[in-house]
Amino acid sequence: MRTFKNKFHTWEFQTLYVTDRAEAMQIVSSLDRSILYGLDIETAKHPDFKEHKQAGLCPRLSTIRLLQIFDGVGRSYVFDVWSIGFDVFIHFLKAGRFVAHNAVFEAQHIRYNGVPDINIGCSMLMSQLVHGAEFSPFEEDPEEEAEPDGLSRYTRTGHSLDAVTQRLFKVVVNKQNQLSDWSVEELSTAQITYAGLDAVLTYRCAKELLPKIKEYKLERHYKLLKDSQHVVAEMQLQGLPVDWKYHAELLKGWVAVKEKAATECKVFFGDTNLNSSKQMNEWLRTYFKDRPEVLQNWPRTTREQSITDFRKNGPKERAFTFVRTELGKYLQLPEIVALLNYKKFSKLVDTYGESLTKKRHPTTGNLHPGYTLGMTTTGRLSSRNPNAQNFPSDQEFRNMFKAPEGYELVVSDLAQIELRLQAEFSKDPVMCAVFKNGEDIYKQMASSLFKVPVEQVTKPQRKVGKVVMLALGFGMRSKKLGQYALNSGIHESAAFWEKAYKTYHSTFKVYSTWCDRMRDRATKLGYIETLLGKRRKLTKEQIYTAAPNTVIQGTAAELLLLAMLKCKQTCSDFATIVASVHDEVLLLVKKEDAPQAIECLSAAMCAAMVDLFPKAVSHKVADASAAVAWGDAKEEL
DNA sequence: TTGGGGGGCGCG
DNA sequence: AAAGCGCGCCCCCCAA
């Protein structure tokens with residue numbers, strides 16, 4: 001063992017670099033299991049995946065080189081896992097309490113190495129929550145101010161360990177060794193002390209932030225996020241199973257249509273780059289030069305131009321936009337039909353072709369979308385690389401995701417969850433009655449709008465009802481409603497939307513009043529909070545729509561996280577959560593376990609509703625079904 | 001070559 | 001008087 005005396009800020013501590021197995025065993029067995037430890041790991045890429053950019057993040061493509069444990073007093077152990085062996089730490093990791101920065105990363109590696117649900121807090125989650133609560137939104141934009149304390153905008157708003165440390169303690173962290181190579185035989189003293197320091201910093205930040213979590217009443221939400229880290233770790237590790245042969249067939253089809261459309265477009269648009277808004281603006285101007293009234297009414301971008309452009313060229317008129325809803329008005333023109341076709345299929349080819357193939361995992365063959373916890377303003381998860389939350393929803397596309405031989409996918413979704421929450425929060429009698437009686441709220445709305453009995457509402461009419469419920473629920477005005485409805489392919493007169501607006505607000509008077517109460521609250525406090533207490537600061541301009549929306553959307557996000565946790569508790573023996581899409585959860589199970597998983601998942605959704613809204617008019621919020629492919633399972637709901 | 005902003009669009 | 005909200009990814013364009 002080599003020891004170093006270190007000091008950072010006002011903290012003096014010892015870094016103990018341990019390489020001997022017997023010595024490590026002795027140290028680990030002597031560590032008190034009841035206190036909180038700062039924890040960090042450094043990973044080294046597997047030699048076969050040195051070129052793989054994200055290999056260090058993936059437990060299958062890298063291994064844990066160092067495990068750092070800070071005891072909160074004065075000792076930061078840096079264990080060289082390569083020479084010690086990971087098994088030495090398993091019992092301790094199972095029994096202890098830890099905190100790490102971006103702990104999903106640690107949880108994922110440690111889970112893969114045999115400790116599935118380590119008790120670990122996260123100083124990054126704490127920082128995000130506290131930061132969201134702590135400063136008044138009415139302060140001026142820090143970007144406009146001078147930089148009195150030498151902190152960049154990044155360190156004011158970012159949540160990396162160094163940014164958080166700088167913000168809390170006003171000291172600068174030397175980040176030089178952050179991306180150093182942890183696979184070298186002999187680690188340098190600088191590397192070892194850097195590694196040891198990180199465990200100290202995450203501990204210190206957590207100690208500073210935990211009282212603030214309490215102060216701002218963020219405990220319930222924080223607890224939810226802390227537990228949810230394991231759901232995220234599980235999803236990221238398991239990944240989404242893909243039928244790559246099927247994908248290749250789909251892609252072939254997309255490419256064919258795209259190329260055909262491109263050839264057609266060539267005739268009409270010549271060498272104009274169809275993806276370039278600048279060039280398309282030129283084309284539009286020329287094409288309609290004899291019909292100024294068309295150009296007059298053509299929608300334009302909201303911004304005049306980029307700021308840099310403005311500085312350079314001075315003010316300039318706003319550009320035309322090429323949104324599908326506008327283009328859709330000109331379907332009698334062959335050039336527009338060709339253009340729309342090109343846009344649709346180039347999107348598919350560009351986003352879900354080669355780019356998806358490249359993301360195929362080298363050892364599992366799955367896609368492994370990442371999920372971010374605590375990053376969004378409302379508290380939802382977000383997904384990336386690839387984004388599993390915005391895959392086209394048609395059955396053909398979703399069937400690309402297919403369980404392997406002998407397995408099935410179980411899908412469950414929270415039915416009309418945002419509307420249910422509108423009802424529960426406001427206790428609007430009309431909304432509540434609908435859900436209590438298990439009726440269809442979109443049909444009810446359509447019935448009022450078109451003045452027909454509920455039983456006689458047609459499918460297109462129901463669709464209008466749905467658009468009205470969703471758009472007006474958060475404060476859209478009648479003028480925009482018509483434009484918005486076009487996105488769903490609905491054409492109605494301005495007078496119709498005017499009427500719909502009035503009908504909505506007179507039908508749901510109590511809900512409308514609740515929205516106003518949320519706006520008043522946000523205006524008074526400068527922020528609004530979800531059911532479990534996550535705060536979101538709001539500017540005056542945001543309040544009208546975002547205040548009610550944040551409560552609803554944010555609480556729906558909490559409900560889904562809670563449901564996933566409960567699902568994990570009851571079916572972790574035989575099912576794995578593989579995806580989550582805001583109101584939808586996807587499980588992978590052996591075929592024979594599917595019926596049980598369906599039960600568990602829908603029960604978990606209902607149990608979450610009971611937890612958050614014990615007095616809800618209905619707790620039956622979800623259905624589940626199973627099939628080999630995602631699209632087919634969804635279709636059965 | 002890289003990074004950021006904007007337009008556009010997919011999902012809930 | 002007027003106001004959908006929340007994401008991430010693709011391409012283009014421009015500046016450094």
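Here is how names work: the chains are called A, B, and so on, in the same order as the sequence lines, proteins then strands, and each is numbered from 1. Below, all heavy atoms of this structure are taken into account, side chains as well, without hydrogens, waters or symmetry copies.
With rounding to whole Å, Arg536(A) atom CZ is found 9 Å from dC5(C) atom P. Put simply, CD on Glu418(A) is 13 Å from C1' on dC7(C), counting in whole angstrom units. Atom-to-atom, NE2 of His505(A) to P of dG4(C) comes out at 12 Å; the value is rounded to the nearest Å. The separation between Gln389(A) atom CD and dC9(B) atom C1' is 16 Å, rounded to whole Å. One interatomic measurement links the two molecules: NZ of Lys534(A) to C1' of dC5(C), which rounds to 15 Å at whole-angstrom precision. Separating the OH atom of Tyr371(A) from the P atom of dG8(C) is a distance of 13 Å, rounded to the nearest angstrom. Computed from coordinates, the Leu472(A) CG to dC5(C) C1' distance equals 14 Å when rounded to whole Å. Protein atom CZ of Arg477(A) is 10 Å distant from nucleotide atom P of dG4(C), rounded to whole Å.
Ring geometry for Phe425(A) versus Trp514(A): interplanar angle under 30°, hence parallel rather than tilted (30 to 60°). Aromatic ring pairs are classed by plane angle as parallel below 30°, tilted from 30° to 60° and perpendicular above 60°; the pair Phe288(A) and Trp298(A) is tilted. Classification of the Phe391(A)-Trp630(A) ring pair by plane angle, with boundaries at 30° and 60°, yields perpendicular.
Contact annotation: the side chain of Leu531(A) never approaches that of Leu421(A) to less than 4.5 Å [non-hydrogen atoms, C-beta and beyond].
Distances shorter than 4.0 Å separate some side-chain N or O of Ser276(A) from OP1 or OP2 on dC13(C). At least one side-chain nitrogen or oxygen of Lys480(A) sits closer than 4.0 Å to the OP1 or OP2 atom of dG4(C). Contact annotation: Asn390(A) does not reach the phosphate of dC9(B) (side-chain N/O to OP1 or OP2, under 4.0 Å). Contact check, Gln279(A) against dC13(C): a side-chain N or O comes under 4.0 Å of OP1 or OP2. Considering only side-chain N and O atoms, Asn281(A) lies nowhere under 4.0 angstrom from the phosphate OP1 or OP2 of dG7(B). Between Lys278(A) and the phosphate of dC14(C), there is a side-chain N or O to OP1/OP2 separation shorter than 4.0 Å. Note on Ser393(A): a side-chain N or O is less than 4.0 Å away from OP1 or OP2 of dC11(B). Checking the phosphate oxygens (OP1, OP2) of dC7(C), no side-chain nitrogen or oxygen of Ser383(A) falls inside 4.0 Å.
Within a 6.0 Å radius of NZ in Lys568(A), other residues, nucleotides and ligands contribute more than 12 heavy atoms. Atom NZ of Lys359(A) has more than 12 neighbouring heavy atoms from other residues, nucleotides or ligands inside a 6.0 Å radius.
Picking from dG10(B), dA2(C), dC11(B) the nucleotide with the shortest atom distance to the side chain of Arg398(A) gives dC11(B). Side-chain atoms of Gln553(A) lie closest to dC5(C) of the nucleotides dG8(B), dC5(C), dC14(C). Checking dC12(C), dG6(C), dC10(C) against the side-chain heavy atoms of Arg380(A) singles out dG6(C) as nearest. Checked against dA3(C), dG12(B), dC9(C), the side chain of Val581(A) finds its nearest nucleotide in dG12(B). Looking at the side chain of Asn549(A), the nearest of the listed nucleotides dC9(B), dG4(C), dC7(C) is dG4(C). Taking every side-chain heavy atom of Asn387(A) into account, dG8(C) is the closest of dA3(C), dG8(C), dC9(B).
With Ser228(A) as the fixed residue, the side chain to side chain contact (heavy atoms under 4.5 Å, CB included) test singles out one of Leu381(A), Leu373(A), Leu562(A): Leu373(A).
The base-pairing partner of dC7(C), taking Watson-Crick or G-U wobble contacts with both distances under 3.5 Å, is dG10(B).
Backbone-only engagement by Asn385(A) is indicated by non-hydrogen atom pairs under 4.0 Å involving sugar-phosphate atoms exclusively. Among the protein residues, Phe391(A) comes within range of the sugar-phosphate backbone only, with heavy atoms under 4.0 Å from sugar or phosphate atoms but none that close to a base.
Only Asp350(A), Thr351(A), Ser355(A), listed by number, bring a heavy atom of residues 348-357 of chain A to less than 4.0 angstrom from any atom of DNA chain C.
No side-chain donor-acceptor contact under 3.5 Å links Glu335(A) and Trp283(A). Inspection of the Ser382(A) and Thr372(A) side chains reveals an N or O donor paired with an N or O acceptor under 3.5 Å.
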